[in-house]
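Worksheet for the structure shown next.
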Amino acid sequence: MIAPMFPITPLLPELQTVLASKSRLVLEAPPGAGKTTQVPLALRDAPWLDGKKIVMLEPRRIAARAAAQFMAQQLGEPIGQTVGYRIRFESKVGAATRIEVVTEGILTRLIQADPELTGIGAILFDEFHERHLAGDLGAALALDIQHTLRPDLRIVVMSATLDGERIAQWLDAPRISSPGRSFPVRIEYPPARTQESTEQHLVRVTRQALEENEGDILAFLPGRREIARVQGMMHALQRDDLEVVALHGELSLAEQQLALAAAEGGMRRIVLATNVAESSVTLPGIRVVIDAGLAREPRFDPNSGFTRLETLSISQASADQRAGRAGRVAEGAAYRLWPQSRRLDASRTAEIMQVELSGLALELAAWGSAELPWLDPPPAGALAQARELLIRLGALDAQQRITALGRRMLELGATPRLAAAALRAPEALHALVADLLALMDARSPLRGEQARSDDFRTRVSALHAWRDRRSATGSGHAADAGALAAIEQASKGWRQRLNLRSAASGMPHSHAVGDLLLHAFPDRIARQDEGNPLRYTLANGRGARLHEQTALLGEPWLVVLDLRHEARDSLVLSAAPLDPRVLEQDYPEQFRRVRNVRWSEGRAAVEAFEEHRFGAIVLERRSVPVQAEDAVPALLAAIRQRGLDGLPWSEAARRLRLRMQSLREWMPELGLPDVSEAHLLATLEDWLGPYLQNKRKLDALSEDELSQALAALFDYEQRKQLDAQAPDSLTVPSGQARRLEYSPGEPPVLAVKLQELFGLADTPRVAGGRVPVTLHLLSPAGRPIQVTQDLHGFWERTYPEVKKELKGRYPKHPWPEDPWTATPTHRAKPRGT
DNA sequence: CTCTCCCT
């Protein structure tokens with residue numbers, strides 16, 4: 001079979017030559033260049049391979065299978081001979097396999113299982129520009145291996161974007177660029193009208209695009225909500241030759257295929273898609289792309305421990321990739337719905353920078369080496385949070401070393417949370433565990449009314465009903481048969497890994513699912529609040545609520561599997577009820593009896609309780625007598641409730657605090673103490689606690705004591721700096737001292753009569769000249785005339801006007817022609833006359 | 001009540 005010509009084909013000899021002498025290479029090639037299939041084939045007999053095989057990392061299973069298939073076909077062999085692939089629960093490799101295409105998790109397992117990479121001569125990272133977590137980790141590990149154990153290992157990073165320069169610098173590697181094979185795409189930026197929503201804009205541009213172009217249209221939107229809205233609005237186009245279809249990841253395979261199929265005769269197709277259409281599916285017949293320029297990306301917040309989705313502007317690389325979709329079959333057009341002047345980021349933020357990192361942290365603990373040659377190192381905050389979770393799950397010990405359980409979790413190959421739950425489950429429930437691993441990993445197979453169910457058990461019973469009858473509609477479940485078949489396939493894989501013969505049918509009791517999964521989410525155990533059946537408190541102290549049509553009404557205990565983070569409390573999207581006796585048995589250390597002292601504003605008194613808690617959840621609370629040692633904590637609680645203003649501030653102390661806080665902001669290099677309200681409230685124990693000893697009531701604290709407590713926060717040197725750089729008052733040219741009013745975040749205000757400033761050319765400044773004072777210029781009667789930070793400009797431009805106007809009203813006061821040299825005064829008549 | 005994509 002003669003190899004077909006690809007755009008990359010002429011570059012293959014150069015690739016060979018470079019790799020003969022260099023162990024690392026960056027290959028830049030746009031989609032359609034043929035790099036995925038032609039590079040491995042070209043390298044398979046390279047002398048430096050020395051009989052070892054090539055491993056190629058592919059970010060998606062479909063792509064891994066397809067690439068292997070294509071290469072085998074080109075060799076005229078069945079798959080599993082020279083070319084094979086390995087994805088989870090599926091392996092098509094043989095003894096003769098020289099090119100092995102693997103997905104991301106497989107590569108990590110391969111490396112961890114044998115850090116010398118015996119029998120592997122080269123690793124190719126395809127689609128590296130997508131910057132998936134596992135790709136970054138795999139590359140860092142491969143580089144580490146090359147530095148230490150295997151200098152002969154070849155590492156080839158293949159990327160579709162222009163970020164190649166940065167990657168080449170990181171790898172210290174030469175760079176080869178290949179042209180792609182696509183048709184020219186005309187780019188337009190039709191502007192939005194004022195008050196026009198993105199959706200309205202998109203519909204209007206669709207109308208325009210239909211007139212200006214032939215062929216089908218692919219429109220990119222950030223999510224399902226926007227797709228549904230636009231779908232509704234398309235009727236406004238009032239054309240009956242249009243077929244509008246949605247395409248997003250939540251659709252079943254059959255529904256996706258419907259979107260991918262070409263339109264029927266005479267009809268023009270408009271595909272409204274999310275990011276799935278950017279890289280994961282190929283769409284035939286597209287001639288026009290309309291791009292809203294938005295995408296949803298997950299952001300993990302290590303402080304709250306939650307991930308939320310944010311709608312963000314896409315990168316330039318992504319915009320180009322999207323536009324390229326219009327040029328695959330013929331020349332096309334792309335309409336971008338953002339202003340041409342907007343600067344997009346060059347490429348998308350690496351996943352490692354913004355996702356939850358427990359899986360990565362566990363891999364790093366197993367690897368043992370602390371420092372890896374990252375392109376972008378994992379953020380310290382997220383890594384610390386991940387390690388805390390791993391300790392909680394039992395995967396790391398207190399010194400953050402991997403435990404035996406942690407190693408077994410890695411071997412199992414599920415996420416750390418789910419692996420922990422699986423490995424703690426009693427053997428009798430392993431068949432159910434396999435189902436839970438498969439279901440937790442997949443999108444919900446439920447359709448229709450039940451798709452909205454927040455009771456995770458509904459999915460489990462749908463799987464069981466389908467398994468028993470091989471029917472997606474049995475037992476009143478409306479479910480997607482294709483999705484269920486895929487879930488069953490995964491469950492079968494987990495059963496094999498757990499050494500089980502048969503599948504689960506039915507649940508042993510109503511709490512079984514929750515009792516198993518609570519070990520995966522010990523921080524997300526929730527207890528129903530008193531008084532409101534929809535509100536819950538999570539073990540981590542946060543609030544959560546069920547939606548109004550919940551299927552979980554009345555369950556006192558839940559383990560929350562999925563929730564959407566909201567400002568006040570979070571919405572439970574998926575949960576399962578549990579039996580609290582399991583908590584008592586498995587987490588006895590989390591149950592505590594604590595004494596809680598608080599201030600009751602209503603009763604203006606100290607109250608003391610003894611509470612029985614699970615984490616932050618209060619199970620039982622009873623009043624106990626208030627004791628002497630309760631007083632200080634209660635008074636501090638009262639202050640926290642009332643705020644700093646509730647304290648007896650003298651005028652001097654109040655001004656001192658504001659000056660100190662302002663100067664700290666203006667001159668951070670002085671290292672002044674933080675006296676902001678937030679910090680003072682947070683540290684009350686330290687600075688005010690000593691002054692509250694032996695006090696029972698808040699008003700027993702005097703102004704003097706409070707002033708002393710504040711003054712004790714800074715030393716003599718700091719006080720001297722304060723008086724020099726943020727003085728309490730300024731002496732103005734008239735010889736009078738005038739107060740400066742400080743207010744954090746703003747320049748200080750000096751209110752002064754105009755006449756007192758005669759002779760002063762420029763605005764006075766504080767903080768070593770960094771901050772000009774805001775002048776409130778007053779009339780002789782003390783009425784405001786002008787607010788300015790530019791005294792020079794005032795004298796020059798505004799003063800002549802002001803003078804004209806005020807001279808008549810205040811004839812006894814001086815209004816000189818030349819304020820620069822006039823004698824300043826605060827009296828009616830200038831001194832000495 | 002409406003959440004992108006993907007993987008061991």
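Proteins come first, then strands; the chains are lettered A, B, ... in the order of their sequence lines, and each starts at number 1.
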Inspect the contact between Arg348(A) and Glu297(A) and indicate whether a charged nitrogen and a carboxylate oxygen are less than 4.0 angstrom apart. yes
Regarding Asp441(A) and Arg88(A), does a basic nitrogen lie under 4.0 Å from an acidic carboxylate oxygen? yes
Candidate list Glu104(A), Arg60(A), Glu351(A), test side-chain hydrogen bond (donor to acceptor under 3.5 Å, both in side chains), partner His132(A), passing option: Glu104(A)
Given salt bridge (Lys or Arg N to Asp or Glu O under 4.0 Å), test Arg296(A) with Glu226(A) step by step and report yes or no. CA-CA 11 Å; Arg296(A) 274 203 252 281; Glu226(A) 292 82 356; 2.7 Å; yes
Is Thr103(A) near enough to dT8(B) that one of its side-chain N or O atoms lies under 4.0 angstrom from OP1 or OP2? yes
I want to check one thing: is the phosphate of dT4(B), taken as OP1 and OP2, less than 4.0 Å away from some side-chain N or O of Thr311(A)? no
Any idea which of [options] is nearest the [X] side chain?
X: Arg296(A); options: dT8(B), dC5(B), dC3(B); value: dC3(B)
X: Ile87(A); options: dC3(B), dC6(B), dT8(B); value: dT8(B)
X: Arg452(A); options: dT8(B), dC1(B), dC3(B); value: dC1(B)
X: Arg443(A); options: dT8(B), dC1(B), dC5(B); value: dC5(B)
X: Arg60(A); options: dC3(B), dC6(B), dT4(B); value: dC6(B)
X: Arg225(A); options: dC3(B), dT4(B), dC1(B); value: dC3(B)

Given that Leu573(A) and His132(A) both sit by DNA chain B, which one's nearest nucleotide is further toward the 5' end? Leu573(A)
Between [atom2] on [N] and [atom1] on [X], what's the gap in Å once rounded to a whole number?
X: Leu362(A); N: dT8(B); atom1: CG; atom2: C1'; value: 12 Å
X: Phe125(A); N: dC7(B); atom1: CZ; atom2: C1'; value: 15 Å
X: Arg131(A); N: dT4(B); atom1: CZ; atom2: C1'; value: 18 Å
X: Leu357(A); N: dC7(B); atom1: CG; atom2: P; value: 19 Å
X: Leu546(A); N: dT2(B); atom1: CG; atom2: P; value: 15 Å
X: Arg564(A); N: dC1(B); atom1: CZ; atom2: P; value: 9 Å
X: Glu226(A); N: dT2(B); atom1: CD; atom2: P; value: 13 Å
X: Arg61(A); N: dC5(B); atom1: CZ; atom2: P; value: 15 Å

What about Asp562(A): does its side chain form a donor-acceptor pair under 3.5 Å with the base of dC3(B)? yes
Which part of the nucleic acid, if any, lies within contact of [X], taking any heavy atom under 4.0 Å across all strands shown: a base, the sugar-phosphate backbone alone, or nothing?
X: Arg308(A); value: nothing
X: Thr108(A); value: nothing
X: Leu309(A); value: base
X: Leu563(A); value: base
X: Ala414(A); value: base

Is the side chain of Glu130(A) donor-acceptor paired with the backbone N or O of Glu127(A) at a distance under 3.5 Å, no angle test? no
Could you check Val560(A), Leu534(A), Leu538(A) and say which one makes a side-chain contact (heavy atoms from CB on, under 4.5 Å) with Val572(A)?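 When Val560(A), Leu534(A), Leu538(A) are each tested with Val572(A), the side-chain contact (heavy atoms from CB on, under 4.5 Å) holds only for Val560(A).
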